[in-house]
There are 2 protein chains.
Amino acid sequence: MLGAVESRRQPKARAGRRPAKPLLGRAEIVEAAARVSEAEGIDRVTMRRIAAELSTGAASLYVYVRDTEDLHAAVLDHLLAGVRASRPRGDWRARVRATLVRYAAVLVERPALARMALAAPLTGDNYLALVDRLLGYLFEGGVGEREAAWAVDLLLLVATASAAEHATWRGSARAGAELAELERIVRGADPRTHPNVARAKDELMTVGGGRLGWHIGTVLRGLDRDRRRRRK
Amino acid sequence: MLGAVESRRQPKARAGRRPAKPLLGRAEIVEAAARVSEAEGIDRVTMRRIAAELSTGAASLYVYVRDTEDLHAAVLDHLLAGVRASRPRGDWRARVRATLVRYAAVLVERPALARMALAAPLTGDNYLALVDRLLGYLFEGGVGEREAAWAVDLLLLVATASAAEHATWRGSARAGAELAELERIVRGADPRTHPNVARAKDELMTVGGGRLGWHIGTVLRGLDRDRRRRRK
DNA sequence: ACCTGAACACCGTTCAAGT
DNA sequence: ACCTGAACACCGTTCAAGT
């Protein structure tokens with residue numbers, strides 16, 4: 001889950017000669033992209049569309065943005081500022097949970113972004129801050145460095161996926177149709193060919209409702225035990 | 001992770017009148033798509049490209065395939081036949097591990113497909129069989145239905161993500177450049193602003209090498225403990 | 001260094017019309 | 001029912017040329 005951080009392309013340090021300040025900038029581009037993303041969805045965040053928003057041509061963006069994926073990742077990071085600003089309370093476990101739930105909440109409202117976050121290695125300053133915070137909680141809980149690093153990876157992954165999945169079943173008529181299709185398949189599973197799916201069919205259909213919490217809990221339990229064993 | 005299964009569009013049952021058998025069929029389309037995917041990558045699996053492969057126009061595919069995403073999902077399911085054919089040995093935990101490792105291996109060789117599998121709800125007959133098998137192992141281990149259903153979800157997610165991430169760092173010059181960028185950021189993390197990232201920096205950079213195994217182990221440990229507690 | 005218009009090489013999907 | 005060509009409405013990215 002951990003990807004690069006901050007702009008992959010900053011405007012190069014300006015050469016002394018002509019100081020005429022640039023008309024564009026990464027911040028302006030990302031803000032315009034975030035605006036369009038919030039209003040119309042990340043799918044509408046295309047080079048051409050954002051350039052038009054800034055009254056220029058798509059080619060102009062390439063000074064500040066590596067490619068479309070880079071731009072999408074920057075939009076997500078922009079949204080993560082809210083998570084960074086939160087100050088969860090409680091013991092370290094509670095704070096891990098609260099942080100992840102808050103992170104997931106941002107993505108649940110933005111299905112397409114959640115999918116993107118899963119597919120692309122995440123990047124950005126706010127994301128790095130999130131990683132740092134979660135690592136801190138785990139260290140506080142006595143988790144070792146290797147376990148903590150891997151666990152943060154796992155926890156963010158689970159939170160992202162949970163949001164993406166939860167998001168899939170919300171809104172859009174198409175999602176509704178897909179859910180119906182899935183339900184048809186799972187419920188109709190032949191007990192002879194797929195006995196276990198048939199047996200667990202009610203549980204397989206349980207979406208949302210505490211699943212993220214269970215996932216987080218399971219990972220923390222797994223960690224906990226590992227930690228104790230090491231201490232013996 | 002669990003999506004719909006089997007063709008979302010079968011050719012409608014043929015009306016009695018004109019039996020002239022269809023020129024196309026979902027199977028032919030998926031096979032052509034799988035061929036192109038193996039040879040040139042899933043990104044080249046476009047409606048137009050596959051239609052050309054079958055000497056027809058893109059519009060013709062829409063009788064058998066709902067959209068591009070559906071086609072991509074079908075390609076992945078096609079590849080999963082090999083996992084289905086395997087017969088792992090050992091106790092239930094070992095078989096869970098072996099199955100997931102085999103599944104991940106398919107995806108590690110196909111980076112773009114792994115990313116797709118993360119972003120799209122998975123579908124298909126072979127995937128359903130995989131879910132059924134994993135559920136069976138967990139039931140064998142005494143895991144309850146709800147926990148098993150959620151755990152399978154979590155385990156497949158972890159395996160898929162692990163493959164996607166591992167895959168990101170292989171091949172392609174671009175991936176190499178991204179890795180270097182990531183390394184630069186993580187290693188250069190300021191200990192004052194990101195103390196925990198700085199502390200765990202070596203571990204954050206450890207990619208591959210047992211991480212999937214650790215992730216699976218952590219989930220199984222978390223499960224195990226849950227199970228024992230319930231039995232008391 | 002930064003910005004631009006134009007060009008290149010593509011896309012997915014729909015639709016009216018054919019058989 | 002199935003298949004088709006053409007059309008609509010877009011894409012990302014590169015490049016030579018300008019300031």
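Letters A, B, ... mirror the listed sequences (proteins, then strands); counts begin at 1.
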Atom-to-atom span, CG of A:Asp43 to P of D:dC10 - whole angstrom
14 Å

Can you measure B:Tyr62 atom OH to D:dC3 atom P for me and round it to whole angstrom units?
16 Å

Spacing between B:Asp67 atom CG and C:dT14 atom P, to the nearest angstrom:
9 Å

Result for 5'-nearest mapping on DNA chain D, choosing between B:Leu24 and B:Arg48, is B:Leu24

For B:Arg26 and B:Tyr64, indicate whether the former's side chain and the latter's backbone hold a donor-acceptor pair under 3.5 Å.
yes

Decide, yes or no, whether a salt bridge links A:Arg49 with A:Glu53 under the criterion of side-chain N to carboxylate O below 4.0 Å.
yes

As an exercise, state the distance from CG of A:Leu79 to CG of A:Asn126, rounded to the nearest 0.5 Å.
9.5 Å

Length of the CG-C1' vector between A:Leu61 and C:dG5, whole Å
14 Å

Closer than 4.0 angstrom, basic N to acidic O: yes or no for B:Asp202 and A:Arg146?
no

When the distance from CD of A:Glu69 to P of D:dC11 is rounded to whole Å, what number comes out?
18 Å

Quick one: do B:Arg115 and A:Glu69 make a salt bridge, cutoff under 4.0 Å?
yes

What does B:Ser60 touch in the nucleic acid at a heavy-atom separation under 4.0 angstrom: a base, only the sugar-phosphate, or nothing?
base

Hunt down the Watson-Crick or G-U wobble partner of C:dC11, both distances under 3.5 Å, from any strand shown, or write none.
none

Pick the closest DNA chain D nucleotide for A:Arg44 and for A:Ala59 by heavy atoms, then say which residue is nearer the 5' end.
A:Arg44

Grab the CZ-P distance between B:Arg66 and C:dT13 for me, whole Å please.
9 Å

Please report the distance, rounded to the nearest Å, between CE in B:Met47 and P in D:dC10.
19 Å

Side-chain N or O of B:Thr56 less than 4.0 angstrom from OP1 or OP2 on D:dC3?
no

Any idea which of D:dC2, D:dT4, D:dG12 is nearest the B:Val63 side chain?
D:dC2

In whole Å, what separates the P atom of D:dA9 from that of C:dC8?
23 Å

How close or far is atom P of C:dT13 from atom OH of B:Tyr64, stated in whole angstroms?
18 Å

Partner of D:dT4 by Watson-Crick or G-U wobble geometry, both contacts under 3.5 Å, or none?
C:dA16

